[in-house]
Amino acid sequence: MSKCTYQPSKSRRRKVHGFRAKMKTPGGRRVLKRRRQKGRHKLIP
């Protein structure tokens, strides 16, 4: 029997989806910019 596909890790999640990770790439910065323009309460869900 195989184990479940998703084995969450908080550190990995932060590395991949966190604010600093978003700031590193031009695309990520665009995402944050759009979310700011839209007036999101939280930039990173």
Side-chain angles (χ1 to χ4, degrees):
M1 196 148 194
S2 61
K3 59 183 181 177
C4 294
T5 320
Y6 185 50
Q7 302 290 318
S9 156
K10 282 182 182 176
S11 55
R12 166 98 178 130
R13 184 174 171 79
R14 271 200 307 270
K15 275 245 196 298
V16 179
H17 303 289
F19 180 79
R20 305 277 296 172
K22 294 258 197 290
M23 286 305 281
K24 266 184 185 150
T25 65
R29 282 197 294 276
R30 257 199 316 272
V31 168
L32 294 174
K33 186 180 160 197
R34 271 200 313 268
R35 288 177 75 88
R36 281 196 189 98
Q37 279 175 344
K38 195 173 186 181
R40 288 271 184 190
H41 184 59
K42 286 163 73 174
L43 293 179
I44 309 294

For this session: Would you check if Arg36 and Leu43 make a side-chain contact, meaning some heavy-atom pair closer than 4.5 Å?
Result: yes
Exercise. Quick one: NZ on Lys15 to NZ on Lys24, what's the gap to the nearest 0.5 Å?
Worked result: 7.0 Å
Exercise. What's the spacing between Arg30 CZ and Lys22 NZ if we round to 0.5 Å?
Worked result: 13.0 Å
Exercise. For Arg40, which residues count as a side-chain contact (heavy atoms from CB on, under 4.5 Å) partner, sequence neighbours excluded?
Worked result: Arg35, Lys38
Exercise. Does CZ belonging to Arg29 count more than 12 external heavy atoms closer than 6.0 Å?
Worked result: yes
Seminar exercise, completed: Sorted by chain and number, sequence neighbours left out, side chain to side chain donor-acceptor pair (under 3.5 Å) with Thr25 holds for none
Problem set entry | Shortest non-hydrogen contact between Phe19 and Leu32, atoms and distance | CE1-CD1, 3.7 Å
